[in-house]
Amino acid sequence: MKIHSSVHNSTQLEFEHYITADSKAQDFELFLIAPKRYLKNIDRDQFFKDLNILVRFTSVREHIFIGQLREFATLLKSKKTRHVDRVKVVKPLCEALLLFGGKLVSEIKRIRSNGKSASQIQKLFEGIGRQLNEFRVEYVASLGSTSLGVPSEVRDCCNMVDEYLSSNLFGEVGKLLRDRKVALDDAFTEKLEDFLRSEVKYRIRFKANRGLQRQGSSHEVLSRLSLLKKRIGSPLYIRSNRNSQDKFYRNIFAAVGASLAATWSLMAEGQAYKLAEGEDYFFRTGLVAFLIVVAYVFKDRIKENSRELMRAKMMRRLCDYKTNLQYGNSNIGKVKEWFDLSGLNELPEEVQTLYLIKEPILGAQAFDQSVLAYRRRSECAPAEIWDELPGNGIKEIIRLDIGSFASRLDDSEKRLIAEDAPEMEVIHTSRRYNVDILIRVRNEYQVGLGHYRLNLVRGGIASMKEVGEFRIVA
């Protein structure tokens, strides 16, 4: 269980939430705490519009793609590529190439990860280099030298993987030599420098052979790398079919309200007709008319009020959205989401304790605080389905755009008088607002808590800091 939190851009927060395949269900809960005046008009529908969620597998398992690649390598050596079935072979083969690229990129990213010794880095680099060379010899070179009708989709896919691996490995090795955070011996340093020089030559030939520009602008390079990243990672993303439950609940509550109203109307009319059997004709007629009018008036009130009362009480327990997670033709899980606005005293006890320990600068009780609560419950498919899936677990990338919330803040431009200046001097400065975010993650095995503080200006995020490091508490 772990959470990675960051500022994605000037208005978006990003939380990476990991779910293992052996976890039956896991809850991600976000509590945004701010003065009530900033949260009182927050709309449920707008909140979910500001919430963007990507779901993908956490890692690539080699046995999923290695058989397909070996079969294609044998086919290239036999020069029987004309017999490749475009329908049955091309799509899974392209997917296998992309999965290989994704797996090797994840290993490349580990070169500069914290805590690695020089010997571990060297061993990892040599393993990556060996896999990259085998890929280039068996696939890239073979596809470049044969004219036996290899489908263009396969050739393009292979070239994209090669280009993306080259860019990532070149960048990581360059940063490793530049940062010098780990003491590398002279022989290994020279080996890394030789790799950089040879890779530059290889990339020049690579671009020349494919008619690409030798050197584009930095914007063009970043744009191409972004597109390559999305393409290489595409087989790991999981389709999600998100459905709002609001319309369904409205119909149910309306039906219940109408039923109560109809019951009241029938009871009132029945009582009126029963009273109509009395002896006094004028009294009977007036009483019947009065009861029918009362039944008619109260019927509509009962219908509306019962519907609203049920909606207010039940919507806090019933989920707002349901999502089905699909990969290929398989349903691999489902997700339920809740949204709620509440007071500080309605926070779960352990979350409230964490917040009050690290309360805002002026104290939690100095303001009338309110809480925006978002809960996401992810349920995974049975373990036997995972044997055929490319990953060992799921990563949910949760991005929350708080631009609409930040726009509610007061004007940030302020003028202060400099007290230590020899003459009265006005200083123009911007006002900052602190908003606390608490995260709780729960599954059947563990509970984790984290506390973050946003520093906001009107219209965006100035910074975010970790007040309480995310940790396992139970």
Using a 6.0 Å cut-off, check whether atom [atom1] of [X] has over 12 heavy atoms from anything other than its own residue.
X    : atom1 : result
E350 : CD    : yes
N133 : CG    : yes
R178 : CZ    : yes
K229 : NZ    : no
E444 : CD    : yes

Atom pair [atom1] ([X]) and [atom2] ([Y]), whose distance is rounded to the nearest 0.5 Å:
X    : Y    : atom1 : atom2 : value
I121 : L184 : CD1   : CG    : 6.0 Å
R376 : F15  : CZ    : CZ    : 13.5 Å
E172 : L192 : CD    : CG    : 12.0 Å
E163 : M160 : CD    : CE    : 9.0 Å
Y355 : L344 : OH    : CG    : 6.0 Å
L30  : F28  : CG    : CZ    : 5.0 Å

Any non-hydrogen side-chain atom of [X] less than 4.5 Å from a side-chain atom of [Y]?
X    : Y    : result
L54  : R399 : yes
L124 : I128 : yes
I437 : L13  : yes
H17  : I439 : no
C319 : R375 : no
I53  : V335 : no
T20  : Y445 : no
F57  : P235 : no

Can you name the closest pair of heavy atoms from [X] and [Y] and give their distance?
X    : Y    : answer
N443 : A25  : CB-O, 3.3 Å
Q26  : I19  : NE2-CG1, 3.8 Å
F31  : E29  : CE1-CB, 3.8 Å
V435 : I33  : CG1-O, 3.5 Å
D401 : G403 : OD1-N, 2.8 Å
D185 : Q122 : OD2-OE1, 4.2 Å

Evaluation steps, side-chain contact (heavy atoms from CB on, under 4.5 Å), between I402 and L454: CA-CA 11 Å; I402 64 166; L454 287 179; 3.8 Å; yes
I'd like to know if the side chain of [X] and the backbone of [Y] have a donor-acceptor N/O pair within less than 3.5 Å.
X    : Y    : value
Y139 : E134 : no
Q12  : N9   : no
S370 : S342 : yes
S226 : S223 : no

Looking only at the side chains, is there a donor atom on one of [X] and [Y] sitting less than 3.5 Å from an acceptor on the other?
X    : Y    : answer
N434 : N455 : yes
D162 : Y202 : yes
S404 : Q46  : no

Mutual orientation of the aromatic rings belonging to Y374 and F48 [parallel < 30°, tilted 30-60°, perpendicular > 60°]: perpendicular
Aromatic ring pairing F47/F339, orientation class (parallel under 30°, perpendicular over 60°, tilted between): tilted
Got a list of side-chain donor-acceptor pairs under 3.5 Å for residues 460-467, not counting sequence neighbours?
none

Test log, rule side-chain contact (heavy atoms from CB on, under 4.5 Å), inputs C94 and V154: CA-CA 6 Å; C94 288; V154 177; 4.2 Å; yes
Distance flag, aromatic centroids of F125 and F195, threshold under 6.0 Å: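 Aromatic pair counts; centres sit under 6.0 Å.
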All pairs passing ring-ring contact (aromatic ring centres under 6.0 Å, His included) where residues 454-474 contributes a residue, at least two apart: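 Qualifying pairs, neighbours excluded: none.
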L438 and L449: CA distance, side-chain angles, deciding distance, side-chain contact (heavy atoms from CB on, under 4.5 Å) verdict: CA-CA 7 Å; L438 292 97; L449 293 172; over 6 Å; no
V200 vs L196, side-chain contact (heavy atoms from CB on, under 4.5 Å): CA-CA, chis, key distance, verdict: CA-CA 6 Å; V200 168; L196 293 179; 5.6 Å; no
Salt-bridge criterion met for K191 and D194 (N-O under 4.0 Å):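 Not counted as a salt bridge, because no side-chain N and carboxylate O are separated by less than 4.0 Å.
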Basic-acidic side-chain contact under 4.0 Å: K395, E14: no
With a cut-off of 3.5 Å and sequence neighbours excluded, list every side-chain donor-acceptor pair involving residues 97-110.
residue : atom : partner : partner atom : Å
K103    : NZ   : E107    : OE2          : 2.7
S106    : OG   : K103    : O            : 2.5
E107    : OE1  : Q131    : NE2          : 3.2
K109    : NZ   : N168    : OD1          : 3.0

